[in-house]
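When a residue number appears, it is its place in the shown sequence, counting from 1. Both ligands and their constituent atoms are indexed starting at 1 by order of listing.
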Amino acid sequence: MLKSAKQALDLEGLSDWTARVCAGDRRAMGRAISTIENGERVGNALLKLLFPEAGGAEVIGVTGSPGVGKSTLVEKLAAEYRHAGPRVGIIAVDPTSPFSGGAVLGDRVRMQSLSTDEGDYIRSMATRGHLGGLAPAAHDVVTVLEAAGCDVVLIETVGVGQDEVEVARLADATLLLLVPGMGDDVQTFKAGVMEIADVFVINKADRPGADRVEQELRAMLSITPQPDGWLPPIVKTAATAGAGINSVREALGQFRRFGEKEGVTRRRREAKWRARLLSLLRQRLFEKAVTESLSETAIDEYVQEVVERRRDPYSLVEEMIVRAVDRHS
Ligand SMILES: Nc1nc2c(ncn2[C@@H]2O[C@H](COP(=O)(O)OP(=O)(O)O)[C@@H](O)[C@H]2O)c(=O)[nH]1
Ligand SMILES: [Mg+2]
């Protein structure tokens, strides 16, 4: 009795919370995002309610090595979209980003141009690097921002590892930033990174060497297969001065129209949700098998058996799964 009264209260609290997120209430959104970032259980319950309200945004990933100007470009691009009307959300997966710092409302950022327009901008950091990596949290933060009415979500991600490839998977389009002086490096760009670019941006084009990078890039692209049939355009920008930003937006628009016509957008979304479903399943099964079914002592006993070579780990894992299933059936 007590329990169901509490559940009813929780449900009421949750639907109120959902309504406030959908109304774009920044405090409610901030709480939702930190709950998700911290991997709290109630985040899942909330996401179930938010999901039907989400799905409307164009999600754009912005990646590149540290210092190439991602944050500067994101800020200018957000303002560029904002002029045309859409509500823009920003997720910074790059921990050094000025947009990061936890709270959605965090204002200790150097985004002067945006903070004068307080009502319309949402920023967040999708992760503190724990609980299953960046991508899952970023995924769910996109859902929150979409439910809150964002038409465009920009995700800044640092380009130094596997993360940007994962994050790119959840974007509808990905910008890869390069800068002059990288000409020779284009060829040595990490495998798998070049391929995620739908639009190349050569930023800091106010410095010498931008043409050289462009040539290297074109040469490289001419020998790279384009499985989607899309040849990524190359746009030059000077983000600090705001030069070339509208060309970036145009290039993204062209890619979006191409993607919608040729089915690329749909295929990507299918791939994204397939990966997400499987990852949720993996996580949930793991919780059932371990957190909910096995005590620490039981795991310790299994460890001893393996260390002393009394049992093999392969059969033990199968046994653990059977135990978990029995418990829940
Ligand atoms: N000269 C020049 N400097 C830029 C440009 N864009 C960004 N910067 C500077 O490059 C530095 C790194 O920029 P930031 O946006 O933080 O890069 P991030 O690490 O990729 O997010 C900052 O000092 C920027 O002011 C540009 O177009 N030209
Ligand atoms: Mg940054």
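Looking at Val199, Ile202, Val68, Thr237 one by one, the single match for side chain to side chain contact (heavy atoms under 4.5 Å, CB included) with Leu177 turns out to be Val68. For the side chain to side chain contact (heavy atoms under 4.5 Å, CB included) with Asp172, the lone residue among Glu260, Arg269, Arg256 that qualifies is Arg269. Evaluated for a side chain to side chain contact (heavy atoms under 4.5 Å, CB included) with Lys236, the options Asp211, Val201, Asp206 yield exactly one hit, Asp211.
Within the listing of ligand 1, atoms 1 (N) sit less than 4.0 angstrom from a heavy atom of Arg207. Heavy-atom proximity to Asp206, at under 4.0 Å, picks out these atoms of ligand 1: 1 (N), 2 (C), 26 (C), 27 (O), 28 (N). In the vicinity of Ala239, heavy-atom distances shorter than 4.0 Å reach the ligand 1 atoms 6 (N), 26 (C), 27 (O). Residue-ligand proximity, Ala238 to ligand 1, at heavy-atom distances under 4.0 Å covers atoms 27 (O). When each atom of ligand 1 is checked for a heavy atom of Glu156 under 4.0 Å away, the hits are 21 (O).
A salt bridge does not link Arg267 to Glu270: none of the charged side-chain nitrogens sits closer than 4.0 Å to a carboxylate oxygen. The residues Arg268 and Asp198 are annotated as salt-bridged, a charged nitrogen and a carboxylate oxygen being separated by less than 4.0 angstrom. Salt-bridge annotation for Arg311 and Glu319: present, with a side-chain N of the basic residue lying under 4.0 Å from a carboxylate O of the acidic one.
The atom name of the N/O/S atom in Glu156 closest to the Mg ion (ligand 2) is OE2.
The Mg ion (ligand 2) has an N, O or S atom of Ser71 inside 2.8 Å of it.
Residue Glu75 places every heavy atom at 4.0 Å or more from ligand 1. At least one heavy atom of Gly67 sits less than 4.0 Å from an atom of ligand 1.
If you look at Thr72 next to ligand 1, the close heavy atoms, those under 4.0 Å, come from the backbone and the side chain alike.
By the 3.5 Å distance cut-off applied to N or O atoms, Pro66 is not counted among the residues near ligand 1.
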* Under the side chain to side chain contact (heavy atoms under 4.5 Å, CB included) rule, what do Leu145 and Ile91 come out as? Steps first, then yes or no, please. => CA-CA 9 Å; Leu145 294 178; Ile91 301 175; 3.6 Å; yes
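Other residues, nucleotides and ligands contribute at most 12 non-hydrogen atoms within 6.0 Å of the CZ atom of Arg274.
When Val62, Val74, Asn203 are ranked by how near their heavy atoms come to atom 6 (N) of ligand 1, first place goes to Asn203.
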